[in-house]
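Each remark here refers to the structure printed beneath this line.
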Amino acid sequence: MNTDILLIKVEQTKYLNDYKIQLTFSDGLSGVVDLQDEIWGEVFEPLKDVNYFKNFTKDRWTIGWDCGADFAPEFLHELTLRQNEKAHNRH
């Protein structure tokens, strides 16, 4: 059994604006994630209303909404890495 596997968790969150959330992960990664293009499918339909979207909660692992929608912490981590790299390369 490999005990070196790092379980990624969302540690801190801060709603910024629109569909953007500042996230800090258990491995120290911190950045802004824009989830606007990730809101598709029936369970995510209520999140299209930004007033509903911004009322997420953080549980032990990730962020979620009372409609049952959530994002895997590993997905959020990868998306944060990709989006922040793109933003950094624009400068």
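All values derive from a computational prediction rather than experimental measurement.
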| Judged by atom type as modelled, is there a donor-acceptor pair below 3.5 Å linking the side chain of Thr62 to the main-chain atoms of Phe71? | yes

| So how far is it from Asp34 CG to Thr80 OG1, rounded to the nearest 0.5 Å? | 10.5 Å

| task | Answer yes or no: is there a side-chain heavy-atom contact under 4.5 Å between Gln83 and Val32? | result | no

Kindly list each side-chain donor-acceptor pair under 3.5 angstrom involving residues 50-58, sequence neighbours excluded, with atom names and distances?
{"unit_1": "Tyr52", "atom_1": "OH", "unit_2": "Asp66", "atom_2": "OD1", "d": "2.3"}
{"unit_1": "Tyr52", "atom_1": "OH", "unit_2": "Cys67", "atom_2": "N", "d": "3.0"}
{"unit_1": "Asn55", "atom_1": "ND2", "unit_2": "Asn51", "atom_2": "O", "d": "2.8"}

| Between Glu38 and Leu79, which heavy-atom pair has the shortest distance, and what is it? | CG-CD2, 3.8 Å

| remark: One should read off an interatomic distance between Leu76 CG and Trp61 CH2, to the nearest 0.5 angstrom, of 14.0 Å

| field | Inter-residue atom distance Ile63.CD1 - Leu35.CG, 0.5 Å rounding | value | 5.5 Å

Let me check something: any side-chain donor-acceptor pairs from residues 8-19 under 3.5 Å, sequence neighbours excluded? List them with distances.
{"unit_1": "Tyr15", "atom_1": "OH", "unit_2": "Asp18", "atom_2": "N", "d": "3.0"}
{"unit_1": "Tyr15", "atom_1": "OH", "unit_2": "Asp18", "atom_2": "O", "d": "2.9"}
{"unit_1": "Tyr19", "atom_1": "OH", "unit_2": "Lys48", "atom_2": "O", "d": "2.5"}

| remark: Shortest non-hydrogen pair, Ser30 vs Thr24, comes out as OG-OG1, 3.2 Å

